[in-house]
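Single-structure report; data block below.
Predicted model only: the values in this text are computed from it and were never measured. Letters A, B, ... mirror the listed sequences (proteins, then strands); counts begin at 1.
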Amino acid sequence: MMQQSFQSIYERLYDYYGPQNWWPADTPFEMMIGSILVQNTNWRNVDKALSQLRPHLKPELIHEMPVDELAQIIRSSGYFNIKAKRIKAFMNWFKLYNDDVGEIKKKDKKQLRYELLKINGIGRETADVILLYAFDKAIFVVDAYARRIFYRIGFDMPAAYDGFRMEVEKELPNDLELFNEYHALLVQHGKNHCKSSPLCNGCPLNAICEQRLT
DNA sequence: TTCCCGAAGT
DNA sequence: ACTTCCGGAA
């Protein structure tokens, strides 16, 4: 594998799509709720659920809300019964810090990741997007898009989540803005060109991709 | 019918 | 490793 490959892919995507300024949420709290809602779900459906939830989108109100009521409000995001429980589990952890994002941000990345992964419903990917976009920790998010894009390019990536993540991280500077933009750009690219049925015509990665069709 | 920025249960 | 959870748009 070429050296600087992950860096050059980032640059190609950045040049093509421009800065993404993610995550699309008004507050860190909304971002964290959204990260649970978007698990294996189209963002359009998550956006609908967040619109329904927005009047209640304050920690105190979610704490008070019965889980069944929460489930109905987030219905359009799919898996709503499970996701309502997961949000509640997350809230119980959030409460330990008095619902204070600033307090949590003081903790170091490794410890924080460990804590997040103990929450029922927070797996590696969700933990990492929360670390990155709510708590400002530099980390590479391995999602379905990243796997698909790098696999199609022709990289021999590890199947395991953390193996994949560290393979990318070891070639990149430890820069928060870089990881922030990189994940956003991969998502953008996965939606616009590198879809399950790829649209290779005009793809910004054609020059370096093995799977290019046209 | 397919696919969608997964995670837990078995 | 396989199944379950699930609505909504294409």
Side-chain angles (χ1 to χ4, degrees), chain A residues 6 9-10 13-14 17 19-25 28 30-54 67-93 113-135 137-153 157-165 168-169 178-199 205:
Chain A
F6 297 118
I9 289 166
Y10 171 80
L13 293 175
Y14 189 90
Y17 294 106
Q20 302 297 302
N21 302 309
W22 263 32
W23 179 290
E30 181 181 330
M31 183 275 143
M32 296 188 284
I33 300 298
S35 74
I36 293 173
L37 295 180
V38 79
Q39 290 170 355
N40 199 34
T41 300
N42 192 309
W43 180 260
R44 296 173 60 91
N45 293 343
V46 175
D47 210 31
K48 284 175 173 289
L50 284 172
S51 298
Q52 297 298 116
L53 189 60
R54 195 149 288 120
V67 65
D68 293 333
E69 185 183 338
L70 177 58
Q72 287 311 310
I73 293 173
I74 64 171
R75 201 168 201 283
S76 66
S77 72
Y79 311 117
F80 50 87
N81 287 314
I82 284 181
K83 286 175 179 175
K85 288 179 190 168
R86 290 178 179 177
I87 288 171
K88 281 294 189 179
F90 167 77
M91 294 302 295
N92 287 335
W93 173 79
R113 189 170 196 262
Y114 179 76
E115 285 190 33
L116 286 168
L117 289 175
K118 280 195 302 184
I119 302 168
N120 188 286
I122 308 288
R124 298 172 210 277
E125 182 183 336
T126 306
D128 289 348
V129 291
I130 289 173
L131 286 170
L132 181 58
Y133 294 106
F135 301 138
K137 307 300 184 187
I139 196 163
F140 182 80
V141 177
V142 181
D143 64 343
Y145 291 138
R147 290 181 185 279
R148 191 161 73 201
I149 292 166
F150 289 151
Y151 177 75
R152 282 179 178 163
I153 287 172
M157 302 299 293
Y161 183 97
D162 286 312
F164 192 114
R165 177 172 63 83
V168 178
E169 288 180 351
L178 172 65
F179 287 115
N180 184 313
E181 282 293 329
Y182 209 156
H183 174 60
L185 287 165
L186 287 170
V187 171
Q188 190 69 11
H189 187 56
K191 290 183 178 181
N192 286 283
H193 279 284
C194 210
K195 306 161 74 151
S196 60
S197 184
L199 302 176
L205 301 182

(request) Flag the pair A:Asp143 and A:Arg148 as a salt bridge only when some basic side-chain nitrogen lies within less than 4.0 angstrom of an acidic carboxylate oxygen. (result)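 No, A:Asp143 and A:Arg148 are not salt-bridged.
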Value in whole Å for how far the [atom2] atom of [N] lies from [atom1] of [X]:
| X | N | atom1 | atom2 | answer |
| --- | --- | --- | --- | --- |
| A:Ile74 | C:dC6 | CD1 | C1' | 11 Å |
| A:Asn81 | C:dG7 | CG | C1' | 12 Å |
| A:Asn45 | B:dG6 | CG | C1' | 15 Å |
| A:Lys195 | C:dA9 | NZ | P | 16 Å |
| A:Leu37 | B:dC4 | CG | P | 18 Å |
| A:Ile87 | B:dA7 | CD1 | C1' | 14 Å |
| A:Lys83 | B:dC4 | NZ | P | 14 Å |
| A:Trp43 | C:dC6 | CH2 | C1' | 18 Å |

When rounded to the nearest Å, what value does the distance between [atom1] atoms of [N] and [M] take?
| N | M | atom1 | value |
| --- | --- | --- | --- |
| C:dA1 | B:dC4 | P | 22 Å |
| B:dT10 | C:dC6 | P | 15 Å |
| C:dG8 | B:dA7 | P | 23 Å |

Given [options], identify the nucleotide with an atom nearest to the side chain of [X].
| X | options | value |
| --- | --- | --- |
| A:Ile82 | C:dC5, B:dG6, C:dG7 | C:dC5 |
| A:Ser196 | B:dG6, C:dG7, B:dC3 | B:dC3 |
| A:Lys48 | C:dG7, B:dG6, C:dA9 | C:dA9 |

(message) Heavy-atom nearest nucleotide on DNA chain B for A:Leu117 versus A:Arg148: which residue maps closer to 5'?
(response)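 Counting from the 5' end, the first nearest nucleotide belongs to A:Arg148.
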(message) Let me spell it out: for each of A:Arg44 and A:Asn120, pick the nucleotide of DNA chain B with the closest heavy atom. Which residue's pick is nearer the 5' end?
(response)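 It is A:Arg44, whose closest nucleotide lies nearer the 5' terminus.
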Describe the nucleic acid contact of [X] in one word from base, sugar-phosphate, nothing, applying a heavy-atom distance below 4.0 Å.
| X | result |
| --- | --- |
| A:Arg124 | sugar-phosphate |
| A:Ile122 | sugar-phosphate |
| A:Gly123 | sugar-phosphate |

(request) Say whether A:Gln39 and A:Thr126, considering side chains only, have a donor N or O and an acceptor N or O under 3.5 Å apart. (result)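 Distance-only check passes for A:Gln39 and A:Thr126.
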(request) Please determine, by modelled atom types, if A:Asn192 and A:Tyr17 share a side-chain donor-acceptor pair under 3.5 angstrom. (result)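 No, A:Tyr17 and A:Asn192 have no side-chain donor paired with an acceptor closer than 3.5 Å.
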(message) Can you see if the side chain of A:Thr126 gets near the phosphate of B:dA7 - specifically, an N or O under 4.0 Å from OP1 or OP2?
(response)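 Yes, because at least one side-chain N or O of A:Thr126 sits under 4.0 Å from OP1 or OP2 of B:dA7.
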(message) Using every non-hydrogen atom in the two residues, find where A:Asp162 and A:Arg113 come nearest and quote the distance to one decimal.
(response)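 For A:Asp162 and A:Arg113, the tightest heavy-atom pair comes out as OD1-NH2, 3.0 Å.
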(request) Look at the aromatic rings of A:Tyr182 and A:Phe140 and report parallel, tilted or perpendicular, splitting at 30° and 60°. (result)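 Plane angle over 60°, so perpendicular.
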(request) Once you apply the 3.5 Å cut-off to both distances, tell me the Watson-Crick or G-U wobble partner of B:dT2, or none. (result)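 Looking at the geometry, B:dT2 pairs with C:dA9.
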(message) Does A:Asn42 contact C:dG8 through a side-chain donor or acceptor facing the base, at a distance under 3.5 Å?
(response)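 Counting by modelled atom types and ignoring angles, no donor-acceptor contact under 3.5 Å is found here.
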(message) Does A:Lys88, at its NZ atom, have more than 12 non-hydrogen atoms belonging to other residues, nucleotides or ligands within less than 6.0 Å?
(response)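 Buried by this count: over 12 neighbours within 6.0 Å.
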